[in-house]
**Q** 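Mind having a look at this structure? Questions to follow.
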Protein chains: 2
Amino acid sequence: MLPLPVLEQAGSEMTNYRGSGMSVMEMSHRSKAYISIFDETKADFRAIMNVPDTHEILFMQGGAWLQFAAVPMNLIGTTGKADYAVTGNFSNLAMKEAKKYGEIRAAASSEDRNHSYIPAQQELKISKDAAYFHYCANNTIYGTEWKYVPETSGVPLVCDMSSNIMSRPVDVSKYGLIYAGVQKNMAPSGMAVVIIDKQLAGKELPFTPTLLKYQTMIDTDSMHNTPPCYTIYMLGLVLKWVGAQGGVSGMEKIKRERAQILYDYLDGSTLFKGHAQKDARSDMNVTFRTGDDALDDMFAREAAKAGFENLKGHRAVGGMRASIYNAMPTEGVLKLVEFMKDFEFKNKLGRG
Amino acid sequence: MLPLPVLEQAGSEMTNYRGSGMSVMEMSHRSKAYISIFDETKADFRAIMNVPDTHEILFMQGGAWLQFAAVPMNLIGTTGKADYAVTGNFSNLAMKEAKKYGEIRAAASSEDRNHSYIPAQQELKISKDAAYFHYCANNTIYGTEWKYVPETSGVPLVCDMSSNIMSRPVDVSKYGLIYAGVQKNMAPSGMAVVIIDKQLAGKELPFTPTLLKYQTMIDTDSMHNTPPCYTIYMLGLVLKWVGAQGGVSGMEKIKRERAQILYDYLDGSTLFKGHAQKDARSDMNVTFRTGDDALDDMFAREAAKAGFENLKGHRAVGGMRASIYNAMPTEGVLKLVEFMKDFEFKNKLGRG
């Protein structure tokens, strides 16, 4: 989902960007007009995410998935070892991909209870010889979210924030590297944003493709080749919108309220139960089920008919999942809760 | 440049794609609505480029530059060696990038005459133990274009067609692999299209990132992760436009006429001289100069004032360069020639 005002602006500027007579899609990435869009987007991102000068902001192609390889290719060289916390599907995939490039160890795993919780700080086994420690801040399939920033005693902290970036303030200075595919909260699909402590760059493995070298991307300001210009422009429009909502603090307030409406209802429901442990609940993905697979299926089908798409949960956890990313209006969640109440009422009657 | 009708359609469909109430930017890549756009785009590409069933069409992120690494990572494993023809800047960069992955040999080079010509078939030194032979079909900086398909005696033929794809018919069956960044003739920047003989996939080097494995992209129909959905949609619109121009045969007729106007003028001019040898002239990039650097600079400056942007040639060749890709109307070239005639008239007077 993207905010409607952002789409409206993009539509109105499609054939003629602010009197230039040109579409942003047609601008050379070296042109003054485009460089101005690029620089403003980067500056807005830095301001909104409060990125310190020690860190560089990179726009890279390939989404979070290509970063699963780029991170170890660039960072593991110092010791040949890295530690990963496995708290869901994507953190597990990131760990598997990293195994091509060095010795990868599971620093923690929530697999024993189907990823319904987040390991506590004292459960993390982070070794001093790890080139970095990697975790995924929000687990879309299981509906859990890290509520604390792991303490790593000097081991660089790497975080995949694809599904909750820009939904709350982040102390970027604590991180060696943050990456996020843009398609959940930031822009149309096809790009990742990387925030990297510049000290960590420049030690990549020899076979790292040039386009995946963080040092090259730093040196060329993400323009070693033609960047995904239009996606960056869209990110710029979204950043203005986030600014108008009060920045990441504003987004945090909105998403807390939005998610709480659903969680409050779930806590009072006698039909639906949440999957995630209460202290690990995600504000971006709310997972729940009735406990009856046939009834879950019926719910997802009827919800789709009523206009609530994609509520079927991932097969790994079953049940249902409501994804409520930044652009989702609170109104949409209120409507969903009304639908759920109605479904609960009817199906308790039918059973009782 | 993109065709105006394409931009107009994209603008009008931005907030509401054909009554869906949704922007294409917001569609899940797994949704029926989006799969239908994706499948139609791929089918149109197959039809327009006449891609045989032996070959798969892939949509990959990272542009041609990431393919400079992906090609050797995927294909060089069979013998550890590959041959490259160096006829310009990008073929040289592709060769340098490939050296990370095996023994790379220059099968031919036009460097001796500043890449103003294309080596003839008998000048190509392609070894039987090459895993593939790579060339770049059109050299943007030097304004040269291959007019024949190299004969390789069974060595798989790999071609970078970034700057002339879809400007003429291609016998795809002769190629092991064709790749092209989309931003010149096909769509907004941020993607490459790869056409691969399926028999060549599945032999990648062990450290190849999953997102760069051709076999994975074949198996997942380019959806191992979220693809650049909107870019693919834009490609779909451009393909409909190319179809309406008579497909690649129509585009070839148009681009021949368009380029010939410029070349005819250059051949008759006493001020301007073309850089490329006549039999190697590109129909996409026309390079020329006056022979006087100060006058070249003046021309580029005055042309920019008159609305002809980006005419300054690359520093490697100097002079001027007119890029006339698929979306450039013939009218634009006629206007440029008028401007050049005028400039020639004034500057001969001034000198004489």
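Since we're looking at a predicted model, the values are computed, not measured.
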**Q** Name the region of A/S31, side chain, backbone, both or neither, that has any atom closer than 4.5 Å to a heavy atom of chain B.
**A**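 Answer is neither: A/S31 stays 4.5 Å or more from chain B.
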
**Q** Picking from B/H29, B/M60, B/M234, which has the most non-hydrogen pairs under 4.5 angstrom with chain A?
**A** B/M234

**Q** Considering only heavy atoms, which portion of B/T231 lies under 4.5 Å from any heavy atom of chain A: side chain, backbone, both, or neither?
**A** neither

**Q** Just say parallel, tilted or perpendicular for the rings of A/W65 and B/H224, cut-offs at 30° and 60°.
**A** perpendicular

**Q** Among A/S189, A/S23, A/P228, which residue has the highest count of heavy-atom pairs closer than 4.5 Å to chain B?
**A** A/S189

**Q** Give, as side chain, backbone, both or neither, the part of A/Q183 having an atom under 4.5 angstrom from any heavy atom of chain B.
**A**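 The side chain, not the backbone.
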
**Q** Testing the basics here: between B/L66 and A/P209, what is the closest heavy-atom pair and its distance to 0.1 Å?
**A** CD1-CB, 3.9 Å

**Q** Spell out, as yes or no, whether a donor-acceptor pair under 3.5 Å connects the side chain of B/K100 to the backbone of A/P206.
**A** no

**Q** Taking atom CZ of A/R18 as the centre, report whether more than 12 heavy atoms of other residues, nucleotides or ligands fall under 6.0 Å from it.
**A**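 Correct, the count exceeds 12.
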
**Q** What part of B/Y101 lies closer than 4.5 angstrom to a heavy atom of chain A: side chain, backbone, both or neither?
**A**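 For B/Y101, the side chain is the part near chain A, not the backbone.
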
**Q** Minimum heavy-atom separation for B/G63 and A/N225, please, with both atom names.
**A** CA-ND2, 4.4 Å

**Q** Among A/A69, A/G11, A/A64, which residue forms the greatest number of heavy-atom pairs with chain B at distances under 4.5 Å?
**A**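 Going by pairs under 4.5 Å, I would pick A/G11.
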
**Q** Write down the atom of A/G62, the atom of B/L211, and the distance for their closest heavy-atom approach.
**A** O-CD1, 4.2 Å

**Q** Counting only non-hydrogen atoms closer than 4.5 Å, does A/M73 touch chain B with its backbone (N, CA, C, O), its side chain (CB onward), both, or neither?
**A** side chain

**Q** Under a 4.5 Å cutoff for heavy-atom pairs, which residue among A/T15, A/T210, A/L2 has the most contacts with chain B?
**A**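 That would be A/T210.
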
**Q** Select, from B/G181, B/P188, B/A327, the one with the greatest count of heavy-atom pairs under 4.5 Å involving chain A.
**A**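 Winner by heavy-atom pair count: B/P188.
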
**Q** Which atoms of A/M22 are under 4.5 Å from chain B, going by heavy atoms: the side chain, the backbone, both sets, or neither?
**A** neither

**Q** Taking all non-hydrogen atoms of both residues into account, name the closest pair between A/Y230 and B/M14 and its distance.
**A**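 Reported closest heavy-atom pair: OH-CE, 3.5 Å.
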
**Q** Does A/M25 reach the side chain of B/L7, with side-chain heavy atoms less than 4.5 Å apart?
**A** yes

